[in-house]
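Have a look at the structure below, then the notes.
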Amino acid sequence: MKLTFSPEDEAFRNQIAGWLRNNLVGEFAELKFRGGPGDEHMFPEERKRWEQKLAEGGWTCVGWPEAYGGRGLSIEQQVIFFEEYARAGAPGRMGHIGEGLAGPTIIAFGSEAQKEKYLPGIVAGTELWCQGYSEPNAGSDLANVQTRASLEDGKWRIHGQKVWTSLAHESDWCFVIARTEPGSKAHKGLGFFLVSMHQPGVTVRPIEQLTGTSEFNEVFFDGAVAEDIVGAPGEGWAVAMGLLGFERGVSTLGQQMQFQNELDEIIRLARANGAARNPGIRQRIAEAHTGLRLMRYNAMRMLSSSQDGQADSSALVYKLHWASWHRNLGALAMDVLGPEAELIDDAPYELSRLQSLFLFTRSDTIYGGTNQIQRNIIAERGLGMPKEPKGR
Amino acid sequence: MDFTFNEDQLAFREAISRFLAAELPPEVLRKNWETEDGCSRELHRKMVEQGLTGLSVPEAQGGLEMDDTAWVLLTPLLGYYAIADSVVDTAYTATGLLSALPEGDHRREELLTGIAGGDVGVAVAHQVNPLVVDMDLADVVLVEFEGEIHALNQEAVSYECNTSIDSSRRLGRISVQPAPESRLLENGRDIWAETLNRGAVGVAGQALGLAQRMLDMSVEYASQRQQFGKPVGSFQAVKHHLADVAEKIEFAKPVLYRAAHALANNERGSDLYSSHAKLACCEAAWLAARHGIQVYGAMGYTWEADLQIFMKRAWALDSYWGDRAFHKSRVAEAVLADDALIGPQHTFEE
């Protein structure tokens, strides 16, 4: 066990901090602390340019192997990267689905040709990705996807509807799970497809959220061509599940730094408006602090100890913990604001950062596997308990 | 010891319940919620015809002269249908204050008559609320100034109007200049304190109704929505969420009734009882909102699902007429006071 950083690591810290200081200026200055949870719909064009700026400096895909255009950073240096990125207030990443999910999946399961075709655009920050998993009848029951993929004249064509697709309206590519074997059930007979969003047969319709904004969408595929399939037809579920493993990877560190910024803002506010004198609020702030710390320690342990048999079970509990923690943080923010929390300064319905945070955190315990599904996974996969009876 | 309601009270609730169900199907409710005013003038006129605004106005001023215990049957209905705040603020909270003024006062009688007839809206600018709700709909605003109670006409008040996260609410920061001619009562501290309790109990009742609405909607959704080949409500992880809400609601009801009884009878423990009611009912509404969205899944996070209307209203009311910290500290003060009545024999002591 070693909980300090080496001199080389600290030198690296100076390097990234200096780069951010010199580059998060000018047209990018307005992006500071923007584009985070509940704010993802803001400044899309500016944030796309920021992705490319990051790429110019070599700061995209920092954990990827150098062979694929990454920086090949150690876990320690990735931790430092995310700490400094958040400390500088650099904006929420538009490229995170490509960098954190699509890319690692292609690296792990894709062919050499696919790696050559798709990875450079992700590294360069020029090609953005979205995730075509959920459907109207495949939410918690993800394996119930009905979207079909059929071979027509040697090309896979996609028919069906996806929903809750984040940033689909800004994306160039979508990875889609679809049924390659008609009549197959559950996790059998699926394929994992890479589909261009810029073609006839793809329709994106925004969904208005209770925040009044639209960050996610319905996506309709009417015979859209899939340029590639990752893995063999019928093996899509294994690829899709492999991808969900990456969701719990290093990218969670960036999320935690974001959380730290939010908590710090709430603490500043509580001190300024007197809420910090309230014993109930004080206790909840202390709980928020300890909750975030243990999340960070656990993430580091998870990342640094792949040989540790405990790491798998700590990965299983991670989503449940952060989602519940963040939801409570949103409520705490509103209680710190007090009676003015409901006030909207700018009509129509322009929310403050903390109001957006509160409303957004209502979705944290739902997307990416609800708390109920997470508990089932912990109990069934982690503890080996009998499976819940299902209707089919 | 009797927690039951009399026949008149129950009959009145039944009539209003039928009226609101007929007038406010979900699509109309949403339309009203999203209009510029946040409420419907036409609906307000019909509520006046039902006698709602005159419920606790004295008979001499054209009202039904019912007390707080009648209101706790109605405020949950108003919450259930997300009726805008001006109704309860005027017809219950402000009317309670005005009725308590000495009889024979010309302005008292004029205002009460106006309220019963639906011609006058009254806002109450209590210090516990930094923002005055529905100032734009009020003809008169009641304020306290150095122990005096004043009634100012809207023209005499300068205010800016803001919107709320709950689209039915308009929030005003006001500044007023009380004058000798606007004074209603010279020594109004007790009445003003009682008004705070009545405001809190009015909100508590609405919060309870909001909780019930969100519970009903969530039960319906969870019974229809299928995953894994079954209604999601058949899974314990889902249904237990709603069972927990039901528990909160049922346990909040008698607390609300107890507070109303205390107000109706000028009991000395009214501060404690009304704070307890506000906390219990808002907690139920909060849990119903939180669990409702969870049970709805991603649909609960959309603008399209009506659940958000009730959720946002529950959120706004949570800190209206005193936030949780305020009411919790009042409970603590009462329980920890040197002369607190503790011991089994004091459960229903006045």
Side-chain angles (χ1 to χ4, degrees), chain A residues 134 136-144 163-164 186 207-214 216 275 277-281 327 331 334-335 337-352 355 358-360 362-363 365-367 370-376 379 388-392, chain B residues 34 36 128-131 133 161-167 169 171 173 225-232 234-238 240-241 286 289-290 292-305 307-309 311-313 315-326 328-329 332:
Chain A
S134 295
N137 289 310
S140 287
D141 188 7
L142 183 59
N144 193 37
V163 72
W164 320 120
I207 298 172
E208 192 175 10
Q209 301 161 199
L210 49 71
T211 48
T213 57
S214 297
F216 49 56
R277 287 194 296 274
N278 176 310
I281 296 284
R327 177 194 59 198
M334 293 304 99
D335 288 340
L337 276 169
E340 306 219 354
E342 61 165 306
L343 195 61
I344 292 182
D345 286 325
D346 288 316
Y349 229 74
E350 180 132 341
L351 305 181
S352 73
Q355 285 170 332
F358 169 68
L359 286 176
F360 181 83
R362 301 293 95 194
S363 71
T365 55
I366 297 168
Y367 73 81
T370 63
N371 276 13
Q372 291 66 49
I373 291 295
Q374 298 300 335
R375 288 190 175 97
N376 279 355
E388 186 158 63
K390 287 169 185 170
R392 49 143 227 273
Chain B
E34 287 180 334
E36 188 118 340
V128 77
N129 299 314
L131 301 157
V133 175
C161 211
N162 294 290
T163 48
S164 160
I165 201 98
D166 165 7
S167 296
R169 277 159 75 87
L171 306 167
R173 277 180 213 284
R225 164 76 177 166
Q226 302 237 343
Q227 286 283 271
F228 304 105
K230 287 173 152 189
V232 295
S234 66
F235 297 110
Q236 290 190 344
V238 173
H240 288 182
H241 272 70
W286 181 239
R290 186 173 131 175
I293 290 181
Q294 190 69 23
V295 163
Y296 262 69
M299 275 309 296
Y301 189 62
T302 61
W303 190 271
E304 179 191 337
L307 191 68
Q308 59 126 345
I309 297 175
M311 173 265 182
K312 287 173 178 168
R313 191 144 173 73
W315 171 15
L317 293 187
D318 192 44
S319 57
Y320 189 37
W321 286 102
D323 61 13
R324 259 174 284 152
F326 174 84
K328 268 191 188 158
S329 58

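Convention: sequence-line order gives letters A, B, ...; per-chain numbering from 1.
Within the 4.5 angstrom heavy-atom criterion, only backbone atoms of A/Ala138 (N, CA, C, O) approach chain B. In this structure, the portions of B/Met299 lying under 4.5 Å from any heavy atom of chain A include both its backbone and its side chain. At a 4.5 Å heavy-atom cutoff, A/Arg375 makes no contact with chain B through either its backbone or its side chain. Looking at A/Leu343, both its backbone and its side chain come within 4.5 Å of chain B, counting heavy atoms on both sides. Contacts of B/Arg313 with chain A are absent, with no heavy-atom separation under 4.5 Å from either backbone or side chain. Residue A/Ile373 touches chain B through its side chain alone, counting heavy-atom pairs closer than 4.5 Å.
Heavy-atom neighbours of A/Glu388 CD from other residues, nucleotides or ligands within 6.0 Å: above the threshold of 12. Other residues, nucleotides and ligands place no more than 12 heavy atoms under 6.0 Å from the CD atom of B/Gln236.
Panel note: side chain A/Glu342, backbone B/Asp166; no donor-acceptor pair is recorded below 3.5 Å. Of the possible polar contacts, one joining the B/Gln227 side chain to the A/Asn137 backbone as a donor-acceptor pair under 3.5 Å is found.
The choice from B/Lys328, B/Lys312, B/Gln308 that makes the most heavy-atom pairs within less than 4.5 Å of chain A is B/Lys312. Interface summary for chain A: among B/Ala325, B/Ala298, B/Ala289, the most heavy-atom pairs under 4.5 angstrom belong to B/Ala298. Across A/Gly139, A/Ser134, A/Gly280, A/Ala275, the residue that shares the most heavy-atom pairs under 4.5 angstrom with chain B is A/Gly139. The choice from B/Ile165, B/Ile293, B/Val238, B/Val232 that makes the most heavy-atom pairs within less than 4.5 Å of chain A is B/Ile165.
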Exercise. Given the rule in the side chain to side chain contact (heavy atoms under 4.5 Å, CB included) test, do B/Ser167 and A/Tyr349 qualify, once you have shown the distances and angles that lead to the verdict?
Worked result: CA-CA 9 Å; B/Ser167 296; A/Tyr349 229 74; 3.8 Å; yes
For this session: Dump the intermediate steps for side chain to side chain contact (heavy atoms under 4.5 Å, CB included) on B/Trp315 and A/Met334, then the final yes or no.
Result: CA-CA 9 Å; B/Trp315 171 15; A/Met334 293 304 99; 3.0 Å; yes
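In this structure, B/Ser329 OG and A/Asn278 CG are separated by 7.5 Å, a value rounded to the nearest 0.5 Å. Separating the CD atom in A/Glu340 from the CG atom in B/Asn162 is a distance of 9.5 Å, to the nearest 0.5 Å. For the atom pair OG of A/Ser214 and CH2 of B/Trp303, the computed distance is 10.5 Å after rounding to the nearest 0.5 Å.
Scanning for salt bridge (charged side-chain N to carboxylate O under 4.0 Å, His left out) contacts around A/Asp335 gives A/Arg284, B/Arg324, with sequence neighbours left out.
A donor-acceptor contact closer than 3.5 angstrom links the side chains of A/Thr365 and B/Gln294.
With a 4.5 Å cut-off on side-chain heavy atoms, A/Trp164 and B/Thr302 count as touching.
Between A/Phe360 and B/Tyr301, the angle of the ring planes goes over 60°, which puts this pair in the perpendicular group of the 30/60° scheme.
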